[in-house]
Amino acid sequence: MIYLDNNATTQIDPQVSQKMSLFLKHHFGNPSSLYPIGREAKESINQARENIADGLGADRSEIIFTASGTESDNFAIRGVMEALPEKDEFVTSAIEHPAVIETANYLKRLGKKVSFVSVDKYGMIDLDRLREKVTSKTALVSIMHANNEIGALQPIGDIVRIAKNKEALVHTDAVQTFGKIKFDVHKLGVDLLSISGHKIYGPKGVGALFVKKGTPLLPLIHGGHQEGKMRAGTENTAGIVGFGEAGKIATERLKKDKKRLYKLADQLKKGIESSVPDIKFNGPEEERIKTTLNFSFLRLEAEAVLLALATKGIYVSTGSACSEDSDEVSHVLNAIGLSPEQARSSIRFSIGRFNTEEDIKTVLKELPEIIDNLRKISSGSED
Ligand code: PLP
């Protein structure tokens, strides 16, 4: 198997699964219990919190564990909007993950004023439009750090300056950047930031929200006193322990992994561009998480390409995993100006820690022939 869908999810790191299975076997205590096995579980959670905080440049008191990147996004947006009822405007972008877009639509149904700022043909946010949309009534601006479909990396520093000028808070969805590029939440200047375990070789069903000290925020889930009364529910202890380990490994390996993976991505990009005709590269050349490559294979249906690659054991995506089972064209590709036909011919390759140079060579050997054959079939069926 050649797995090139690492933006959808990642294979768990063996060191993480080993840590989790030992934890599951030996530590069943409830972290809220005061006797030793409870306290041990609590300590393990706090160690994980420390690891995640270290990776973000945050204080451990600024990390709240959640059940997913999606929950972290919902929590940040709804939590701030509810905490600041006197400000009823929310600003986001047109290319956010559904976790943000659908939360924005929910706010609209509640009667809040919501703006979706447009992006240019590379997927970069239009800062002039953002400046127009942010007002003194804006409670929160939420713009993703990097896009999951095309990798576009947004200028968070500029976004923060624009928002702070009107005293608005800033949230960023960093699910696709944490562990992949180096950043520090305080240098970035954001108030809230979402991350997820399964994108960094950790378990699914666990995420975290960074909340800068003093940020007004109300809980999304009410109940017990877990997570400083900000996220009720008995903790997913093994998941959190696994996430913490994955975060620690990602932080330690970041520089080395990034260099190797960017080189592989570059080989794949150049190889496709030189061996496959009639393609369109989607996304910015430079301001991008370079392990994300999105190409339109013009005149083809992406699904046919995906299935043909899958018969060779090569797994890619036709867009974001969340829209895979829907007929709708990707809202991201639509926002950067692709026609529905171009959008429907788009394939995302996303490279990760367990990919090798051999994988890239195999893809570059198989892909040109697959595309050529599919084009012959589709032009034959049109005759
Ligand atoms: N935000 C982005 C940018 C993502 O890519 C994803 C997952 O695809 C999410 C949020 C949702 O994360 P989770 O799968 O942990 O809910």
Side-chain angles (χ1 to χ4, degrees), residues 1-8 10 119-124 146-154 176-177 179-182 199 253-302 304-320 330 332-333 336-338 341-376:
M1 174 177 79
I2 297 178
Y3 184 73
L4 288 174
D5 201 11
N6 288 278
N7 283 14
T10 53
V119 293
D120 68 13
K121 64 178 179 180
Y122 302 108
M124 302 303 288
N147 180 266
N148 44 306
E149 294 189 45
I150 55 174
L153 204 47
Q154 302 299 339
Q176 292 293 346
T177 52
K180 296 183 190 170
I181 57 166
K182 191 170 163 34
K199 311 285 183 176
R253 296 180 54 139
L254 197 144
K255 214 168 147 191
K256 222 170 96 210
D257 271 6
K258 185 177 166 216
K259 195 165 167 221
R260 187 179 74 83
L261 299 182
Y262 271 32
K263 194 169 152 217
L264 291 186
D266 194 49
Q267 281 167 1
L268 182 59
K269 183 170 184 291
K270 289 198 174 119
I272 293 175
E273 284 170 342
S274 64
S275 64
V276 185
D278 296 334
I279 55 172
K280 181 183 180 316
F281 181 73
N282 303 312
E285 284 291 340
E286 285 308 317
E287 297 305 308
R288 181 167 52 88
I289 289 289
K290 300 241 168 100
T291 44
T292 304
L293 299 172
N294 190 309
F295 282 102
S296 295
F297 294 94
L298 305 174
R299 303 191 308 283
L300 288 179
E301 285 292 330
V305 179
L306 180 148
L307 293 175
L309 283 168
T311 62
K312 305 281 181 188
I314 301 167
Y315 298 151
V316 297
S317 158
T318 58
S320 94
S330 144
V332 176
L333 300 179
I336 63 170
L338 264 64
E341 292 71 32
Q342 288 174 331
R344 272 198 293 271
S345 73
S346 295
I347 291 281
R348 178 185 70 185
F349 302 85
S350 48
I351 292 166
R353 183 180 295 164
F354 299 107
N355 288 123
T356 63
E357 213 165 315
E358 217 35 57
D359 291 349
I360 305 301
K361 280 192 189 142
T362 308
V363 175
L364 290 175
K365 187 167 141 276
E366 300 290 350
L367 184 71
E369 197 178 317
I370 286 175
I371 300 294
D372 193 42
N373 285 340
L374 288 172
R375 283 197 174 129
K376 279 186 189 140

So does Glu369 have more than 12 non-hydrogen atoms from other groups sitting under 6.0 Å from CD? no
Heavy-atom donor-acceptor pair, Asp257 side chain to Lys180 backbone, under 3.5 Å: no
Between the side chain of Arg260 and the main-chain N/O of Arg353, is any donor-acceptor distance below 3.5 Å? yes
Main-chain N/O of Gln342 paired with Ser296 side-chain donor or acceptor, under 3.5 Å: yes
Has Thr292 got a side-chain atom pairing as donor or acceptor with Gly151's backbone, closer than 3.5 angstrom? no
For the side chain of Gln154 and the backbone of Glu287, is there at least one donor-acceptor N/O pair under 3.5 Å apart? no
Are more than 12 heavy atoms from other residues, nucleotides or ligands located less than 6.0 Å from atom NZ of Lys280? yes
Short question: side chain of Thr10, backbone of Asn6 - any donor-acceptor pair under 3.5 Å? no
For Leu293, is there any backbone N or O sitting under 3.5 Å from a side-chain donor or acceptor partner on Arg288? no
Taking OH in Tyr122 as the centre, count heavy atoms belonging to other residues, nucleotides or ligands within less than 6.0 Å. Is the count above 12? no
Sort out for me which residue in Asn294, Thr318, Asp5 forms a side chain to side chain donor-acceptor pair (under 3.5 Å) with Arg348. Asp5
Give a yes or no answer on whether the side chain of Lys199 reaches the backbone of Ala8 with a donor-acceptor pair at less than 3.5 Å. yes
Within the structure provided, determine whether Lys269 and Phe349 are in side-chain contact (heavy-atom separation under 4.5 Å). no
